[in-house]
Amino acid sequence: MSLIQEIRRFSSDIVGEEQLVKMLEKSAAEKRPLRVKFGIDPTFPEVHLGHAVPIRLLRLFQEHGHLPVLILGDGTARLGDPTGRNDQRPPLTPEMVEENAKTYLVQIGKLLDLSEGVCEVRRNNEWFSKMDFFDCLQLAAKSTAARLLERDDFQKRMQANLPVHLHEMMYPLMQGLDSVKVEADVELGGNDQLFNLHMGRQMQEREGQRPQVCITTPLLLGTDGRKMSKSYGNHVGLNASSDDMFGKVMSLSDEGMATWFSLATQMSTQAIDAQLAGHPREAKDCLARAVVTELHSAEAAAAASEEFVRRFQKKEKPSDVPEKLVAAGAYSLPSLMKAVGLANTTSEARRMIEGGGVRIDDEVIKDVRYLVALEESGASVLMQAGKRHFAKISAE
RNA sequence: GGGAAGGUACCUAAGCGGCCAACAGGGUUGGAUUGUAAAUCCAAUGGCACUGCCUUCAGAGGUUCGAAUCCUCUCCUUCCCA
């Protein structure tokens, strides 16, 4: 399959498709790689599979000899992309951003070769930190209020009588400036990024550069069918353990499977169709294996699958239960649960107990005043809270 | 600068002097069922040394036996006019 065909598979919109075809031809003839920009703001400590879709497309370009320009938005992260948001997020401190930026590189490195020569990693503070107020004014002069207010998010917020802050309108301009600074030929992003990508294209044109081609990738929805986001808890982190990742994928709704197959795995369309024709559970197992294989290993995937069957289909205990040590003594059950982290508060622990969700050594305990006797050093009990959480508690 | 409407738990949103830890829906959590899918049903949903106690209804004061509810000031948001 040619590069352009593969690109089409992973994209939902290509602005300047004809231009892209010509660029690819020219690049091949002149042996000059295209500069393909992808920017990500280190606003959270975790990168998830949703982010992985454009990254995978970026890798595709890389495999074909082009140069990924990865922008870690340590400048833009301070502001935060208002896309899809109807509230302002609390501003991040430079320290938090730096912390996140480091882990981002590790996580993205699982999918993309970040070695020098085959990839360019930039931080946009390189230019934003040097701009003074008048530079900012100049940047603001690059667009108009009407143009920026066209954005869907802003429209919706204004209709709902919610605030739209001035600095939020700067975000697309900042992202556009990135494109100018790195002289991007192509920029990738999720399909909610179209507006921002367009801005880069326009700004480059104003600066006398060749406008970038904008490619957006379809959105990978979270396991519950909503937009994948950490705050919904429906995301699959690239850093997640193999068991966790496998379990998350298995909890995916059936409707989402087809998209997940095509966006989160490397499988061919034929292989995917074959899977989808079978039992949904088997298909999902195959999907989960594929995902875990890419981010961990085939062995880890096989192990995670077995573990999953053992735990949830056969309802056996997990093969390794975290062990917690406590001082010898008798404990009231709710406070012990809080102490070992199976509940956030004792009230929460009580609720679980009353709801029949707590077992000690396989026996359901419904009495909130139950005392766990761990008087002798070395004594231990197996505690289960809910379906997934286990702890082996031993007395010191 | 002038005028109007608002700020209630994770979100939406009732309550407008005692029956309020606060209606309802969403979400979340636990349970049943199941393919840890969907759908459905039940329950819980501020904290704690839990038949009680403590801290909440933007913030600070005040009125009252008693305030989320009334008054004063402050902070924040939106809308209209300039």
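Only this structure's heavy atoms are used, side chains among them; waters, hydrogens and symmetry mates stay out. Predicted model only: the values in this text are computed from it and were never measured.
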With [X] via side-chain contact (heavy atoms from CB on, under 4.5 Å) - residues at least two apart:
X	value
A:Cys286	A:Phe261, A:Met267, A:Gln275
A:Gln384	A:Arg359, A:Phe390
A:Gln209	A:Val180, A:Glu183, A:Gln204
A:Gln313	A:Arg281, A:Phe308, A:Val309

Base of B:C50, side chain of A:Arg369 - is there a donor-acceptor contact under 3.5 Å?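 No pair found.
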
Would you mind reading off the distance between [X] atom [atom1] and [N] atom [atom2], rounded to a whole angstrom?
X	N	atom1	atom2	result
A:Asn234	B:A37	CG	C1'	15 Å
A:His389	B:G31	NE2	P	10 Å
A:Phe312	B:A37	CZ	C1'	14 Å
A:Arg359	B:G31	CZ	C1'	11 Å
A:Met257	B:A37	CE	P	12 Å
A:Ile353	B:U45	CD1	P	14 Å
A:Ile365	B:G30	CD1	P	18 Å
A:Phe308	B:U36	CZ	P	5 Å

On RNA chain B, compare the nucleotides closest to A:Asp224 and A:Asp243; which residue's is nearer the 5' end?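 So the residue in question is A:Asp224.
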
Just jot down the side chain to side chain donor-acceptor pair (under 3.5 Å) partners of A:Asn100, sequence neighbours excluded, or say none.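 Per chain and number, A:Asn100 pairs via side chain to side chain donor-acceptor pair (under 3.5 Å) with no residue.
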
Sequence neighbours left out, what passes side chain to side chain donor-acceptor pair (under 3.5 Å) with A:Arg32? Give chain and number order.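 Counting only residues at least two positions away or on another chain, A:Arg32 forms no side chain to side chain donor-acceptor pair (under 3.5 Å).
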
Using links of under 4.5 Å between side-chain heavy atoms of ILVMFWY residues, direct or through other members, which residues join A:Leu342 in one cluster?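 Hydrophobic cluster check, A:Leu342: joined to A:Val326, A:Tyr331, A:Leu333, A:Leu336, A:Met337, A:Val340, A:Met352, A:Ile353, A:Val358, A:Ile360, A:Ile365, A:Val368, A:Tyr370, A:Val372, A:Leu374, A:Val381, A:Met383, A:Ile393.
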
Pair [X] + [Y]: basic N to acidic O under 4.0 Å:
X	Y	result
A:Asp135	A:Lys130	no
A:Asp243	A:Arg311	no
A:Glu187	A:Arg201	no

Rounding to an integer number of angstrom, what distance separates [N] and [M] when you compare their [atom1] atoms?
N	M	atom1	result
B:C11	B:C81	C1'	34 Å
B:C48	B:A13	P	29 Å
B:A67	B:A21	P	12 Å
B:U51	B:A37	P	37 Å

Main-chain N/O of [Y] paired with [X] side-chain donor or acceptor, under 3.5 Å:
X	Y	value
A:Thr144	A:Arg147	yes
A:Asp185	A:Arg35	yes
A:Glu294	A:Leu111	no

Candidate nucleotides B:U45, B:G35, B:C50, ranked by approach to the side chain of A:His279 - the nearest: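 Among the listed nucleotides, the one closest to the side chain of A:His279 is B:G35.
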
If you check every side-chain atom of A:Arg350, which of B:U34, B:C50, B:G46 has the closest atom?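 Among B:U34, B:C50, B:G46, the one nearest the side chain of A:Arg350 is B:C50.
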
For RNA chain B, the residues among residues 317-345 of chain A that have a non-hydrogen atom under 4.0 Å from it: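 Within this stretch, A:Lys338, A:Thr345 sit under 4.0 Å of the strand.
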
Near RNA chain B, which residues from residues 283-299 of chain A have a heavy atom under 4.0 Å away?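 The stretch gives A:Lys284 as the residues lying under 4.0 Å from the strand, ordered by number.
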
Could you note down all residue pairs passing side-chain hydrogen bond (donor to acceptor under 3.5 Å, both in side chains) where residues 296-310 of chain A supplies at least one of them, sequence neighbours left out?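 Output for this query lists A:Asp285-A:Ser305, A:Arg289-A:Ser305, A:Glu307-A:Arg310, A:Glu307-A:Ser319, A:Arg310-A:Ser319.
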
Just to be sure I understand the rule, does [X] reach a base, reach only the sugar-phosphate, or reach nothing, if contact means heavy atoms closer than 4.0 Å?
X	result
A:Arg311	nothing
A:Ser347	base
A:Glu348	nothing
A:Gly247	base

Could you point out which residue of A:Gln175, A:Lys181, A:Glu120 forms a side chain to side chain contact (heavy atoms under 4.5 Å, CB included) with A:Lys37?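 One option only clears the test, and that one is A:Gln175.
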
Under 3.5 Å between N/O atoms: give me all the protein pairs with nucleotides 7-10 of chain B, atom names plus distance.
none

Show, in sequence, the C-alpha distance, side-chain angles and deciding distance for A:Ser335 and A:Thr346, and conclude whether the side chain to side chain donor-acceptor pair (under 3.5 Å) test is met. CA-CA 6 Å; A:Ser335 52; A:Thr346 59; over 6 Å; no

Ignoring backbone atoms, establish whether [X] has a side-chain N or O less than 4.0 Å from OP1 or OP2 of [N].
X	N	result
A:Thr346	B:C48	yes
A:Arg226	B:U28	yes
A:Lys366	B:G31	no

Under 3.5 Å, N/O pairs linking protein and nucleotides 75-82 of chain B:
unit_1: B:U78; atom_1: O2'; unit_2: A:Asn161; atom_2: OD1; d: 3.3
unit_1: B:U78; atom_1: O2'; unit_2: A:Asn161; atom_2: ND2; d: 3.0

